[in-house]
Peer 1: 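Right, I'll just put the structure down here and ask away after.
Keep in mind the model is a prediction, meaning the values are calculated, not measured. Note: hydrogens, waters and symmetry copies are ignored here, and every other heavy atom, side chains too, is used.
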Amino acid sequence: MTKKYTFVANWKMYLNFDESIKYITDNMDALINLAQLPDTKIVIGPSFPMIYPMTHMLKSSKIEFSAQDCSTHANGAFTGQVSVKTLSEIGCKYCIIGHSEIRHYNNETDEIVAKKIDLLIDQKISPIICIGENESQKKDGHTFSVLEEQIKNVLELVKIECNKLNGLPIFIAYEPLWSIGSGTIPEKDHLETVFAWLHGQVQKNSASTHWNLLYGGSLSEENIAAFKKIDYLSGFLIGKSSTNFQEFEKIVKKIYYS
Ligand code: PGA
């Protein structure tokens, strides 16, 4: 494997506290070994309360941590929210934003996503920005206009802030809504066109930025190998399959050894 791949385990709210800790204790050595594979980055994204204990349990490993969301405010009277500063203090190096579930359930807009990116960059946390069209948008041939709208602010912001980045990687995860949790993955042609287009967009706007393009949606050990053939794709955002360590390990190894 010559290309570098990042595997982000998006645990969503699947595992409770005890199950998350058990996942780590039961698989500690294998996890540490997985993160030592050359050109392989393993990022775990548990719910907020598990991040701090897990960073301690794995502090001498190469495993890194992601939050699943953050506040749009730096601090203050925002009941229920978690600041980017706190995420940085507890050891988060990444934060997922704009996930379709948050866009849907918390009404997250592209403007909110942009505000979060700004705060994350200030704290040197890499944003993992999720974009993707829904089923009817795909059927109507609107995939690219939807993606264009979703990344417009992101590209502008990263261009303006490029001096602040100092090599901080910025991630864009293409996650078609019709694929998340459905067991259906896009056709190879569709993926090739989307990732070539995304690559063109990010390069056109800020070629010096360390961009990483991820795919997410129904990834499994059965279908992961096909993704290795997609140009410009350098990692994966893995939901359900990542909550079972054996399955997650097989996914990582299939990419590494194929
Ligand atoms: P899934 O979720 O792998 O369970 O489809 C991916 C995601 O929503 O990030």
Side-chain angles (χ1 to χ4, degrees), residues 3-15 40-47 64-70 93-106 108 110 113 116-117 126-135 137-138 143-144 146-147 150-151 154 169-188 190-199 201-202 211-244 247-252 254-255:
K3 202 163 146 188
K4 283 192 171 58
Y5 282 95
T6 303
F7 298 83
V8 184
N10 176 12
W11 284 2
K12 309 192 181 191
M13 209 176 68
Y14 284 122
L15 302 179
T40 303
K41 194 175 279 302
I42 305 291
V43 179
I44 301 182
S47 302
E64 297 183 312
F65 289 89
S66 175
Q68 297 177 15
D69 193 17
C70 63
K93 294 268 169 33
Y94 306 82
C95 182
I96 297 169
I97 51 175
H99 191 283
S100 59
E101 285 148 17
I102 299 192
R103 288 180 193 262
H104 178 71
Y105 295 114
N106 301 4
E108 181 151 278
D110 294 323
V113 169
K116 291 180 177 179
I117 295 175
S126 287
I128 301 173
I129 306 141
C130 301
I131 59 171
E133 80 285 7
N134 65 28
E135 195 164 13
Q137 290 163 334
K138 171 148 196 293
T143 296
F144 290 98
V146 171
L147 300 184
Q150 288 175 335
I151 60 166
V154 174
I170 306 288
F171 291 74
I172 295 185
Y174 172 57
E175 297 208 307
L177 274 60
W178 46 272
S179 175
I180 296 175
S182 67
T184 307
I185 56 162
E187 303 278 327
K188 188 167 175 271
H190 178 80
L191 288 169
E192 277 171 349
T193 320
V194 167
F195 280 96
W197 178 82
L198 267 177
H199 174 76
Q201 293 293 310
V202 298
W211 294 101
N212 286 264
L213 304 181
L214 311 184
Y215 169 79
S218 292
L219 288 165
S220 69
E221 59 163 310
E222 280 86 35
N223 63 30
I224 192 75
F227 289 85
K228 193 148 178 192
K229 300 184 184 84
I230 310 296
D231 286 341
Y232 312 114
L233 177 58
S234 62
F236 306 97
L237 187 50
I238 308 159
K240 184 80 176 135
S241 303
S242 71
T243 61
N244 173 309
E247 168 98 15
F248 183 55
E249 185 184 36
K250 281 183 193 147
I251 289 174
V252 175
K254 280 232 164 120
I255 288 288

Peer 1: Between the main-chain N or O of Glu222 and the side-chain N or O of Lys250, is there a donor-acceptor pair closer than 3.5 Å?
Peer 2: no

Peer 1: Measuring from atom CG of Leu219 to atom CG of Leu214, what distance do you get when rounded to the nearest 0.5 angstrom?
Peer 2: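 It is 10.5 Å, given to the nearest 0.5 Å.
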
Peer 1: Might you point out which heavy atoms bring Trp11 and Gln68 nearest each other, and give the distance in Å?
Peer 2: C-NE2, 3.9 Å

Peer 1: Do Leu177 and Gln137 come close enough that some side-chain heavy atom pair is under 4.5 Å?
Peer 2: no

Peer 1: Once you measure the plane-to-plane angle for Trp197 and Phe144, does it fall in the parallel (<30°), tilted (30-60°) or perpendicular (>60°) bin?
Peer 2: perpendicular

Peer 1: Using every non-hydrogen atom in the two residues, find where Ile97 and Lys116 come nearest and quote the distance to one decimal.
Peer 2: CG2-CD, 3.8 Å

Peer 1: Could you check whether any side-chain N or O of Lys228 sits under 3.5 Å from a backbone N or O of Ile255, counting only pairs where one atom can act as donor and the other as acceptor?
Peer 2: yes

Peer 1: Take Gln201 and Ile172 through the side chain to side chain contact (heavy atoms under 4.5 Å, CB included) test and state the conclusion after the steps.
Peer 2: CA-CA 11 Å; Gln201 293 293 310; Ile172 295 185; over 6 Å; no

Peer 1: Can you tell if the side chain of Tyr232 reaches within under 4.5 Å of the side chain of Glu192, non-hydrogen atoms only?
Peer 2: no

Peer 1: In Å, rounded to the nearest 0.5 Å, how long is the span from SG of Cys130 to CG of Leu237?
Peer 2: 5.0 Å

Peer 1: Would you say NZ of Lys12 has more than 12 non-hydrogen atoms from neighbouring residues, nucleotides or ligands within 6.0 angstrom?
Peer 2: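 Yes, NZ of Lys12 has more than 12 neighbouring heavy atoms, counting only those of other groups under 6.0 Å.
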
Peer 1: Distance check, rounded to the nearest 0.5 Å: Lys240 atom NZ versus Glu247 atom CD?
Peer 2: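 Lys240 atom NZ to Glu247 atom CD measures 10.5 Å (nearest 0.5 Å).
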
Peer 1: Measure the spacing between OG of Ser47 and CE of Met13 and express it to the nearest 0.5 Å.
Peer 2: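 Answer rounded to 0.5 Å: 7.0 Å.
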
Peer 1: Between atom NZ of Lys188 and atom CZ of Phe227, what is the distance when rounded to the nearest 0.5 Å?
Peer 2: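 The CZ atom of Phe227 is 11.5 Å from NZ of Lys188, to the nearest 0.5 Å.
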
Peer 1: Is any side-chain heavy atom of Lys138 closer than 4.5 Å to a side-chain heavy atom of Val146?
Peer 2: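 Result no, sub-4.5 Å side-chain heavy-atom pair not found.
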
Peer 1: Could you please spell out the steps behind the side chain to side chain contact (heavy atoms under 4.5 Å, CB included) verdict for Phe248 and Ile42?
Peer 2: CA-CA 10 Å; Phe248 183 55; Ile42 305 291; 3.9 Å; yes

Peer 1: Looking at every heavy atom in both His99 and Ile96, which two are closest together, and how far apart are they?
Peer 2: CB-CG2, 4.1 Å

Peer 1: Would Ile131 and Arg103 count as a side chain to side chain contact (heavy atoms under 4.5 Å, CB included) if you check the C-alpha gap in whole Å, the side-chain angles of each, and the deciding distance to 0.1 Å?
Peer 2: CA-CA 10 Å; Ile131 59 171; Arg103 288 180 193 262; 4.2 Å; yes

Peer 1: I need the minimum non-hydrogen distance between Gly98 and Val113, along with the two atoms involved.
Peer 2: CA-CG2, 3.7 Å

Peer 1: Is the shortest heavy-atom distance from the side chain of Lys41 to the side chain of Lys4 under 4.5 Å?
Peer 2: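 Contact flag for Lys41/Lys4 side chains = no.
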
Peer 1: For a quick test of reading the model, state the closest non-hydrogen atom pair linking Ile185 to Ser218 and the distance between them.
Peer 2: CG2-O, 3.8 Å

Peer 1: Which residue, Ile129, Leu198, Val202, forms the side chain to side chain contact (heavy atoms under 4.5 Å, CB included) with Ile151?
Peer 2: Leu198

Peer 1: When you check the side-chain N and O atoms of Tyr215 and Ser179, is any donor under 3.5 Å from an acceptor?
Peer 2: yes

Peer 1: Tyr94 and ring pair (Phe, Tyr, Trp, His ring centres under 6.0 Å): which partner among Phe65, Phe171, Phe7?
Peer 2: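 Checked Phe65, Phe171, Phe7 against Tyr94; only one passes ring pair (Phe, Tyr, Trp, His ring centres under 6.0 Å): Phe171.
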
Peer 1: Might you point out which heavy atoms bring Pro176 and Gly216 nearest each other, and give the distance in Å?
Peer 2: CD-O, 3.7 Å

Peer 1: When Pro186 is tested against each of Thr143, Leu191, Val194, Ile230 for side chain to side chain contact (heavy atoms under 4.5 Å, CB included), which residue passes?
Peer 2: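 Only match with Pro186 under side chain to side chain contact (heavy atoms under 4.5 Å, CB included): Leu191.
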
Peer 1: Rounded to the nearest 0.5 Å, what's the gap from CG on Leu213 to OG1 on Thr6? Could you check?
Peer 2: 11.0 Å

